[in-house]
Amino acid sequence: RGSGNDQQPLAGLNALITAGPTQEPLDPVRYITNHSTGKMGYALAQAAKALGAAVTLVSGPVALPEPTGVNVVQVLSAEDMFEAVQRRFASADIAVMAAAVGDFQPEHADAEKIKKQGRADLTVRLVSNPDILVWLGAHQRTDGSQALCGFAMETEDLIHNAAKKLLAKRCDMLVANDLREPGAGFATDTNVVTILTPAGNGKGSSGGENNGGADDDGADDNGVLNQQVH
Ligand code: CTP
Ligand code: CA
């Protein structure tokens with residue numbers, strides 16, 4: 001698809017990329033977030049643009065300059081990001097979900113600042129956020145003309161956990177990060193990733209490592225091809 005050439009292989013294609021953390025408000029002055037800096041998603045947006053794609057970057061709050069020539073949509077909460085992505089997915093040929101989306105939000109965001117006086121402790125109940133990537137996987141074009149790439153951040157059992165996400169979220173590709181790997185993790189200029197693709201999709205059928213391990217959780221490790229990328 002598209003009108004790509006050697007210099008601009010993504011010419012004629014729309015890329016939708018998410019980046020950064022989300023902010024889940026507790027009250028008008030406080031929120032829950034994570035360590036994401038947005039570097040990965042912003043670098044991908046820049047790269048996709050350089051390869052000729054028309055790029056929309058849906059970004060949580062980060063301290064990075066907007067990449068030139070990219071349509072940047074700023075959001076705060078996971079729900080806002082979900083809405084922004086939902087609205088743009090139908091016209092996206094490539095969707096790359098690099099954002100570190102908050103999995104939970106406070107059940108109630110107080111309208112006024114929560115005061116400490118008279119409290120020895122504070123309990124906040126969190127409720128789950130929508131999973132944007134799951135929604136995308138379930139609403140892909142039926143003709144296979146959309147490519148869906150997810151990410152996974154893990155601190156243990158990288159391949160096993162990432163393979164489960166690849167299948168559960170129906171991605172064409174999943175980029176697995178091990179937070180503990182030297183040169184990887186948040187706020188680094190480098191990363192160490194393993195790229196997983198579903199077996200049998202013809203997108204690379206040799207050299208896949210077999211990470212073994214028979215189990216019964218539906219993540220068939222043998223059904224996933226992967227290659228190390230540094
Ligand atoms: N993701 C998303 N919406 C969410 C949570 C995650 O779209 N509410 C996307 C991320 O952008 C990433 C992928 O799903 O591409 C995996 O995110 P990750 O946090 O690693 O996995 P989760 O499925 O949220 O599972 P957990 O955090 O429990 O490991
Ligand atoms: Ca998560």
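For ligands, and for the atoms within them, numbers begin at 1 and follow the listed sequence. The analysis underlying the following values was restricted to heavy atoms, covering all of them including side chains, and did not include hydrogens, waters or symmetry mates.
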Any atom of ligand 1 sitting under 4.0 Å from a heavy atom of Ala78? no
Atom 5 (C) of ligand 1: the protein heavy-atom neighbour that sits closest, reported with distance to 0.1 Å: Asp103 OD1, 3.5 Å
Where do Met153 and Asn177 land on the side-chain contact (heavy atoms from CB on, under 4.5 Å) test, with the steps shown first? CA-CA 5 Å; Met153 172 69 83; Asn177 294 276; 4.1 Å; yes
So for Pro130, does at least one of its heavy atoms come nearer than 4.0 angstrom to any atom of ligand 1? yes
Could you tell me whether Met97 and ligand 1 have an N or O pair separated by under 3.5 Å? yes
Keeping waters out of it, list the protein N, O or S atoms under 3.0 Å from the Ca ion (ligand 2). Asp103 OD1, Asp103 OD2
For residues Pro67 and Leu57, determine if any side-chain heavy atom of one lies less than 4.5 Å from a side-chain heavy atom of the other. yes
Kindly say whether Val127 contributes a backbone atom to a donor-acceptor pair with the side chain of Glu107 at under 3.5 angstrom? no
Tell me whether Tyr31 at atom OH has more than 12 heavy atoms from other residues, nucleotides or ligands lying less than 6.0 Å away. no
Specify side chain, backbone, both or neither for Leu133, according to which of its non-hydrogen atoms lie closer than 4.0 Å to ligand 1. both
For the 3.5 Å polar cut-off, considering only N or O atoms, please tell me whether Ala100 and ligand 1 meet it. no
Atom CZ of Arg170 with >12 non-hydrogen neighbours under 6.0 angstrom: no
Testing the 3.5 Å rule here: is there a donor-acceptor pair between the side chains of Glu24 and Thr22? yes
For the student: nearest non-hydrogen atoms of Ala15 and Ala48, plus distance: CB-CB, 4.4 Å
A student checking ligand 1 against Ala152 at a 4.0 Å heavy-atom cut-off should list atoms 20 (O)
Regarding Tyr42 and Ser59, is there a side-chain donor-to-acceptor distance under 3.5 Å anywhere? yes
Hey, are the side chains of Leu51 and Gln8 touching, using non-hydrogen atoms and a 4.5 Å cut-off? no
Counting each atom of ligand 1 from 1 as listed, which ones have a heavy atom of Met153 under 4.0 Å away? 20 (O)
Indicate yes or no for a side-chain donor-acceptor contact from Thr18 to the backbone of Ala99 under 3.5 Å, with no hydrogens or angles considered. yes
Nearest non-hydrogen contact with atom 29 (O) of ligand 1 belongs to which option: Lys164, Met81, Lys165, Lys169? Lys165
Could you check atom 3 (N) of ligand 1 against the protein and tell me its nearest heavy-atom contact, residue, atom and distance included? Ile132 N, 3.0 Å
Hey, does the side chain of Asp93 reach the backbone of Asn14 with a donor-acceptor pair shorter than 3.5 angstrom? yes
In ligand 1, which numbered atoms sit nearer than 4.0 Å to a non-hydrogen atom of Gly150? 15 (O)
Cluster overlap Leu16 with Leu44, hydrophobic side-chain contacts below 4.5 Å: no
Counting both backbone and side chain atoms, is some N or O of Ala99 under 3.5 Å from an N or O of ligand 1? yes
Suppose we measure from atom 17 (O) of ligand 1 to each protein heavy atom; which comes out shortest, and what is that distance? Phe151 O, 3.7 Å
Between Glu154 and Lys164 (salt bridge meaning N to carboxylate O under 4.0 Å), is one present in this structure? no
Checking heavy-atom distances from atom 2 (C) of ligand 1 to each of Asn34, Asp131, Thr18, Val85, the winner is Asp131
